[in-house]
Amino acid sequence: MKSLITIMPSLNTSRVFLFLGLLCFLSLSIQVSSVPFGYDCAATITYTPNSTYKSNLDILLSVLSSNATFTYGFYNFTVGQDSSNDVVHGLFLCRGDVSANDCQNCVSTASKELVQLCPKHKTAIAYYDNCLLRYSNQYIFSVLDQSSPHEMHNPINITNNLDRFRQVLSNIMDDVVTRAVKDQSGKKFATKTANVTAVDELYGLAQCTPDISSKDCNTCLSDAISNLPICCEGKQGGRYLFPSCNVRYELYPFYNNATAPPPPPPVLPPTPSPGRARNTGKGGISTQVLIAIIVSIVVFVLLFIIGLCFLISKAKKKYDALQEDTSKNTPNSTYKSNLDILLSVLSSNATFTYGFYNFTVGQDSSNDVVHGLFLCRGDVSANDCQNCVSTASKELVQLCPKHKTAIAYYDNCLLRYSNQYIFSVLDQSSPHEMHNPINITNNLDRFRQVLSNIMDDVVTRAVKDQSGKKFATKTANVTAVDELYGLAQCTPDISSKDCNTCLSDAISNLPICCEGKQGGRYLFPSCNVRYELYPFYNNATAPPPPPPVLPPTPSPGRARNTGKGGISSQVLIAIIVSIVVFVLLFIIGLCFLISKAKKKYDALQEDTIGNEIATVQSLQYDLITIQATTNNFSEENKIGKGGFGDVYKGTLPNGQDIAVKRLSQNSGQGAEEFKNEVVLVAKLQHRNLVRLLGFCLEGEEKILIYEFVANKSLDYFLFDPKKQKELDWPIRYQIVRGIARGILYLHQDSRLRVIHRDLKTSNILLDEEMNAKVSDFGLARIFGVNQTQANTDRVIGTYGYMSPEYAVHGHFSVKSDVFSFGVLVLEIISGKKNSEFYHSDYADDLLSYAWKLWKDERPLEMMDPTLEGSYSRNEVTRCIHIGLLCVQEDPNTRPSMATVFLMLNSYSVTLSFPQKPAFFARNSIGTPTQKRLESSVNEVSITELYPR
């Protein structure tokens, strides 16, 4: 140091240190370009250097590196059979603004260094400035992953205008999250710049992996932003990274505005061009034919016979559809070359993937980019899959030689390609249907019931398929000798939510296309369902199939061009000699079918009451089935008791555990009203709500069937001195946020606007991972209570959780639930019941206790002592603040659940100072009112429904 000062005598000591710091910073920057600033290795899962896993990993990293130059900055790949222990899944994500060359350099470097940093680990992830790279022996695609987060911050503090800096940062991050989630380019990437002062600009960035859904992207980015104040408060820069997303801000331009590549074209489903007819395989009628239809009624019979024969002759091929865009590619074009490369890659990868693979060739900013994928039926072997894909790759370009978008369905696979981005996007355009021509002649009602049960089961299991295939099959007996076989499958790249939507819509169309038929299938580009009275999929235990009655399907090896409508000359000649009456009947019948096809109700039975009742039938269970699952409602199976009946644990024949609520026979509601209420409640589907699976209504029995929730209710843990310790602060904070998500869904995001009216700890159930599930939502209406009005003469609920306007005057609204949520939050933090709180002379109840501590600036003194060592001071304080805002006496001053959820997930939201909470509960019990109060002081609700 002395020599340096001697060389530069004009510099004082502080400047020397500043100069040395700059040199260190430049040195660190050089290192960061080649070394990850964060990485993780799963230490407990390892491989040996000469193992098959290591060979597969080398192949994977080579493929990832080679594809970094012509993808749009994201690519995933799998090597090995998914059923083996040596399968390896991998992906990279480059920062959305970096060039293809920089992306390729980063991925290549990461591929070399990560195996050195984690030489024997099967799961690893590395974060670089320009990219992240990860691989695992577990399926990681299209799955939200917020494990092993990493954080970094600029060591320099903000010294001036800190409040202004926070406000600008909040605005920037909110904006980039919104735009990244809605990014039409498919990158899920956004940046923004804004002035903090006249000379200082703040730069912000948000990015998700493009394979996760927009909803998961929003969740991930919101959680990342909520952690920025914890890691980086008051710093000039910071970043927070999850495997599925990352956010960053700096006071200097750390991303490339000038060199950012233009986004690819918007993700739009390929549609036929206006003026071009799509051949659906069932013939069509041109204007000239309509004019020519003028003659005799006798020939109509000949027309029908000839036309039917023509359609059956066309239907000998084994796949069903081809959709194409009117945009063309010329034989010697770049697009054609890229398409040839794509089809070659798809064919070559069909033998060592798990039946699904996607690939992109070309720059995404060009007009010659081509995206493609194949999906093999989940039960076919690797060889059969490869043969099907190879055949489809050859035939599809022959049948659509100049079209940039095409799709073909075979029995064993589907193949599609497009110049539009098609990955991880739900596509229900151009559906296709087929049915077995033979009718069901006996036991039609039994057939419908078995089919409904099979399809409901395969959809549920396909959506939840842990193998990643999103595929399921099931067999059930229709009669003593006849078995029905069902199948459901989605492309694995779409989210579970989109898979459920797609399959549900497909099933709802089966009655329209295939009612009363021995077999049928309905296919979308993103999913398909099928059923038959013979084993059409590979099952080693299945009996030898009877001579198959094949449905009229196109033959394998031929695709149907959907962009060139028309009919054969034979049929045209026959049509010309028919009559105008036939045309009118045909048009009326077609309009009728189209009007039916627009209804998206999930039912496989016809019912004269209407589609809502058809939906009810699909949810109905036989009493004998429920009795069998609960051992005839035995005491050994009883797991709870509520105000209107007992709760039993049961197990369905497919192994699924359920909670059965057997309602008392004096519930006061008729059968039709009961079924209508079940339909409404069944539509409430959310991960933080207990799911209603069905019901049973026979004689005097009224039974509700719920999903089984393993860890009982929140009060079971929270108010037990021994079990309190199992709820550390991260779990409690997770529970608070889960409850908020569930109530927000009821208030705002569901198809129904539901006011719960009975939120309390015993109505919050906990699953295996201690995620909160709200129960007993809206079911008080089953017992004849009017919950659709703003006032009621029959107040029901539990004191300690009731808002004052509801308990005293019978007024209820969404703000009534907000009040109850605030009480829940304070109970979760303190570990004490509001209704039983006692703390000497300092306060009468939990709310007043929290309020006084808040005013005395000692809020953490109300915290459960068992949380010591596990809590975040900022999170606990903020939750107390939010809880006090929710329990304010004036409903208009309480925040909405949307605002509460935002406050829980974003530290950039400024919280107002709370007003004094309502202290009414103890005094109101003995106060006479004009309302009929049916309350409980022992935590047991009048409307208790306790599905566990």
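- For Phe242, the ring pair (Phe, Tyr, Trp, His ring centres under 6.0 Å) criterion is met by Tyr240, not counting sequence neighbours.
- Between the side chains of Ser803 and Glu805, at least one donor N or O sits under 3.5 Å from an acceptor N or O.
- No side-chain heavy atom of Val774 sits under 4.5 Å from any side-chain heavy atom of Asn763.
- Each of Arg894, His756, His747 was checked for a side-chain hydrogen bond (donor to acceptor under 3.5 Å, both in side chains) with Asp817, and the lone residue meeting it is His747.
- Salt-bridge annotation for Arg179 and Asp175: present, with a side-chain N of the basic residue lying under 4.0 Å from a carboxylate O of the acidic one.
- Under 3.5 Å, the side chains of Asn771 and Gln734 contain a donor-acceptor pair of N or O atoms.
- A 4.5 Å side-chain heavy-atom check between Arg732 and Leu718 finds at least one atom pair inside the cut-off.
- Note that Lys832 lies outside the cation-pi zone of Phe719, set by a 6.0 Å cut-off to the ring centre and a 45° limit from the axis.
- You'll find the ring centres of Phe141 and Tyr139 inside the 6.0 Å limit.
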Quick one: do Asn834 and Glu827 satisfy side-chain hydrogen bond (donor to acceptor under 3.5 Å, both in side chains)? Show the steps, please.
CA-CA 7 Å; Asn834 184 37; Glu827 287 186 333; 5.6 Å; no
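- Look at Lys470 and Asp465 and you find no salt bridge, because none of the NZ, NE, NH1 or NH2 atoms lies under 4.0 Å from a carboxylate O.
- For the residue pair Ser872/Asn874, the side-chain donor-acceptor check at 3.5 Å is not satisfied.
- Side-chain contact annotation: Gln428 with Asp505, donor-acceptor N/O pair under 3.5 Å present.
- Tested against Ile829 for a side chain to side chain contact (heavy atoms under 4.5 Å, CB included), the candidates Asp864, Ile880, Leu860 yield a single pass: Ile880.
- Looking at heavy atoms from C-beta onward, Leu693 lies in side-chain contact with Arg691 at the 4.5 angstrom threshold.
- Remark: Tyr733 engages Trp729 in a ring pair (Phe, Tyr, Trp, His ring centres under 6.0 Å) (not counting sequence neighbours).
- Ion pairing between Asp40 and Arg134 fails under the 4.0 Å rule for side-chain N and carboxylate O.
- For the 3.5 Å distance criterion, the side chains of Tyr648 and Arg662 fail to qualify, holding no donor opposite an acceptor.
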